[in-house]
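Beneath this line is the structure, given in structure tokens, with notes to follow.
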Amino acid sequence: MPSELKIYNTLSREKEVFKPLNAPFVGLYACGPTVYNEVHLGNLRTFTTFDVVYRYLTHLGYKVRYVRNITDAGHLTDDGDGGDSKIEERAKLEQLEPMEIVQKYTTSFHEVCDIFNLLPPSIEPTATGHIVEQIEMVKRILAKGYAYEINGSVYFDVKKYMETHPYGQLSGRNVDDLLEVTRELSGTSDKKNSYDFALWIKTPDNALQKWPSPWGEGCPGWHLECSAMSGKYLGHQFDIHGGGMDLKFPHHECEIAQGVGADGVVPVRYWMHANMLTVNGEKMSKSKGNSFLPKELFAGEHKLLEKAYAPMAVKFFMMQSHYRSTLDFSNEALQAAEKGYAKLINAYTNLQSLVYSTAAQKNEAEDKEINDLCEQIYDKMNDDFNTAEVTAVLFEMSKKINSFKEGHIAIGSISETTFKRLKATFTAFIKDILAIDKADAQDDNTADGLMDLILSLRKDARDKKDFATSDKIRDALLQLSIQVKDGKEGTTWSKN
RNA sequence: GGUCGGAUGGCCGAGUGGCUAGGCUCAGCUCUGCAAAAGCUGCUACAGCGGUUCGAAUCCGCUUCCGACCUCCA
């Protein structure tokens with residue numbers, strides 16, 4: 001009896017059974033990076049979370065359209081007039097065109113995604129490529145009376161909107177509180193109320209990125225692109241919208257208001273938010289100076305890092321926690337994950353080499369246990385993508401697999417159907433869903449041939465009880481991160 | 001200040017009103033020429049104080065501590 005997929009919806013603060021609007025089609029939108037510099041590991045956690053969501057929904061048979069944007073239009077502060085955007089700042093710093101900055105860091109982002117074995121989205125729209133759509137959306141909001149224009153900028157009229165619609169539900173905020181605390185920003189304050197937000201912002205004359213609009217030259221407000229692009233590719237209402245916890249307010253709250261304001265429809269059915277990666281209990285962020293880049297992690301070159309860590313081990317580290325919990329980074333935790341990961345992959349490798357054989361007495365209890373594990377793992381995943389529990393089941397399965405390999409349990413004691421189910425389930429979760437199998441499995445025939453030769457020489461030495469030679473080979477290989485494993489049916493090896 | 005979330009064994013990290021999470025570490029055993037790998041066994045925790053209950057780490061209240069958002073942020 002397979003369980004139903006449940007998703008924790010930030011909007012209702014409850015786990016809800018997932019029912020797509022138009023099954024088997026699913027619309028999934030995740031907020032992508034602003035490409036003014038490189039993504040750090042914390043950013044990557046969110047993208048990894050939604051990669052798993054995308055992969056799992058696909059695995060379940062849904063036809064998923066996964067849209068993840070690239071924010072390549074820098075955004076000024078809400079009040080406009082505030083000088084340069086992040087991208088412009090960077091462009092001036094590096095003495096490059098804004099679009100060179102955008103290109104550079106988009107490419108770098110893609111490389112990191114690739115290394116982390118994240119699938120490319122179905123559509124990866126850019127903000128600058130959808131200026132027209134954004135302007136059209138502003139027009140619709142203006143036409144409905146939920147926005148006003150002042151001095152070449154257009155602002156969303158939150159107070160007006162609240163007369164007929166709730167605002168602040170997603171983030172649990174009420175506007176009175178916002179009013180009290182909102183800081184007086186220096187410079188102009190064209191907005192009627194401090195909690196209004198910009199849809200279109202007049203840019204300074206020297207701005208590098210600006211576009212013509214009915215209200216003069218300017219750039220789109222920073223919440224607008226996601227609304228315009230999700231609406232274009234997924235429809236005015238779609239299934240799942242994801243992003244980091246820190247985007248809940250104001251970004252996602254504003255998206256809801258824009259969607260309703262422009263098209264009269266609540267845009268998103270299920271809101272998902274990934275929690276932060278922390279360092280010593282504090283959010284990893286560039287401004288705190290506690291962030292590091294994926295490539296620094298893989299090279300071990302950062303003051304916070306004791307050593308280099310393999311990408312898939314890091315990904316597994318993330319999978320061991322739930323996406324809605326904060327995950328605290330530490331060398332100790334990462335090294336523990338590294339070892340656990342190696343164990344899991346070892347079992348995965350063993351599984352591929354197992355061959356079913358009926359020559360054994362059937363053991364109903366064993367058979368049931370394995371079938372239960374195969375069912376449990378889906379139950380766990382269906383429970384709001386609980387990858388932490390999933391990894392626990394994978395370890396249980398690993399024990400079984402290794403026991404088959406070692407002959408501690410006769411493989412024929414379970415039915416062939418059960419064996420095939422185990423193999424298919426384990427493989428699917430490692431390879432297709434969590435996607436933590438070694439991506440660098442480029443078949444290196446030379447290496448395999450060399451290893452066969454070396455191990456056969458070592459076997460000769462061992463047969464002659466020339467352990468000095470055999471141990472010399474073993475130790476030298478270990479220096480190359482190649483581990484030799486002497487088993488009952490000969491020697492195998494693996495490279496870390 | 002406002003809103004929200006969290007405090008779990010040596011470390012990381014799930015979870016449920018009563019039943020072993022899992023990983024790492026540590027100890028012992030099996031296997032092994034010796035190791036490693038693998039298997040088995042052991043190590044029983046839920047911030048504090050009250051309350052509800054036959055029973056709470058899990059529900060409620062209070063206290064302490066930590067974090068996130070309220071400004072760009074995944």
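Just so it is clear: chains get the letters A, B, ... in the order the sequence lines come, proteins before strands, and each one is counted from 1.
Pair assignment for B:rA68: B:rU3, on the basis of Watson-Crick or G-U wobble contacts that are both within less than 3.5 Å. Base pairing of B:rG22: its partner is B:rC12, meeting the Watson-Crick or G-U wobble criterion (both donor-acceptor distances under 3.5 Å). Summarising the base pairing, B:rC29 is matched to B:rG39 through a Watson-Crick or G-U wobble pair whose two defining distances lie under 3.5 Å. Pair assignment for B:rC62 gives B:rG48, based on Watson-Crick or G-U wobble hydrogen-bonding distances that are each under 3.5 Å.
Residue contacts for A:E282: at a heavy-atom cut-off of 4.0 Å it reaches the sugar-phosphate backbone alone, with no base atom in range. Within the nucleic acid shown, A:K343 comes within 4.0 Å of sugar-phosphate atoms alone, with no base atom in reach, counting heavy atoms only. When heavy atoms are screened at a 4.0 angstrom cut-off, A:M245 is found touching no nucleic acid atom at all.
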Could you run down the sub-3.5 Å N/O contacts of the protein with nucleotides 25-31 of chain B?
{"from": "B:rU25", "atom 1": "OP1", "to": "A:K339", "atom 2": "NZ", "distance (Å)": "3.2"}

With 3.5 Å as the limit, what N/O pairs link the protein to nucleotides 4-12 of chain B?
{"from": "B:rC11", "atom 1": "O2'", "to": "A:E332", "atom 2": "OE1", "distance (Å)": "3.4"}

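Only A:N346, listed by number, bring a heavy atom of residues 345-354 of chain A to less than 4.0 angstrom from any atom of RNA chain B. For the segment residues 456-472 of chain A, residues with any heavy atom less than 4.0 angstrom from an atom of RNA chain B are, sorted by number, A:R458, A:R462, A:F467, A:S470, A:D471.
Side-chain atoms of A:A392 lie closest to B:rA21 of the nucleotides B:rG15, B:rA74, B:rA21. Among B:rG15, B:rA35, B:rC70, the nucleotide with an atom closest to any side-chain atom of A:R173 is B:rC70. Considering only side-chain atoms of A:K283, the nucleotide from B:rC34, B:rA74, B:rC69 that sits closest is B:rC69.
A donor and an acceptor atom never sit less than 3.5 Å apart when one is taken from the side chain of A:R474 and the other from the base of B:rA36. Judged by distance alone with a 3.5 Å cut-off, no donor-acceptor contact links the side chain of A:N402 to the base of B:rA37.
Rounded to whole Å, the separation between the C1' atoms of B:rG33 and B:rC46 comes to 47 Å. Between B:rC73 and B:rG50, the two C1' atoms lie 41 Å apart (nearest whole Å). Only the C1' atoms considered, B:rG23 is 8 Å distant from B:rG13, to the nearest whole Å. Going from the C1' atom of B:rA38 to that of B:rG18 covers 36 Å, rounded to whole Å. B:rA14 and B:rU44 have their C1' atoms separated by 16 Å, with the value rounded to a whole Å.
Judged by distance alone, with hydrogens and angles left aside, the side-chain atoms of A:N382 form a donor-acceptor pair with the main-chain N or O of A:S3 at under 3.5 Å. Of the possible donor and acceptor atoms, one in the side chain of A:S122 sits under 3.5 Å from a partner among the backbone N and O of A:Y66.
Counting heavy-atom neighbours within 6.0 Å of A:K472 NZ, excluding the residue itself, gives a total of 12 or less. Around the NZ atom of A:K210, the shell of radius 6.0 Å holds more than 12 heavy atoms that belong to other residues, nucleotides or ligands.
Aromatic pair A:F317/A:Y309: centroids not less than 6.0 angstrom apart. For A:F429 and A:Y378, the distance between ring centers is under 6.0 angstrom.
Scanning for salt bridge (charged side-chain N to carboxylate O under 4.0 Å, His left out) contacts around A:K431 gives an empty result, with sequence neighbours left out. A search for salt bridge (charged side-chain N to carboxylate O under 4.0 Å, His left out) contacts involving A:K248 returns nothing, not counting sequence neighbours.
The side chain to side chain donor-acceptor pair (under 3.5 Å) with A:K15 is formed by just one residue from the set A:D383, A:D384, A:N9; it is A:D383.
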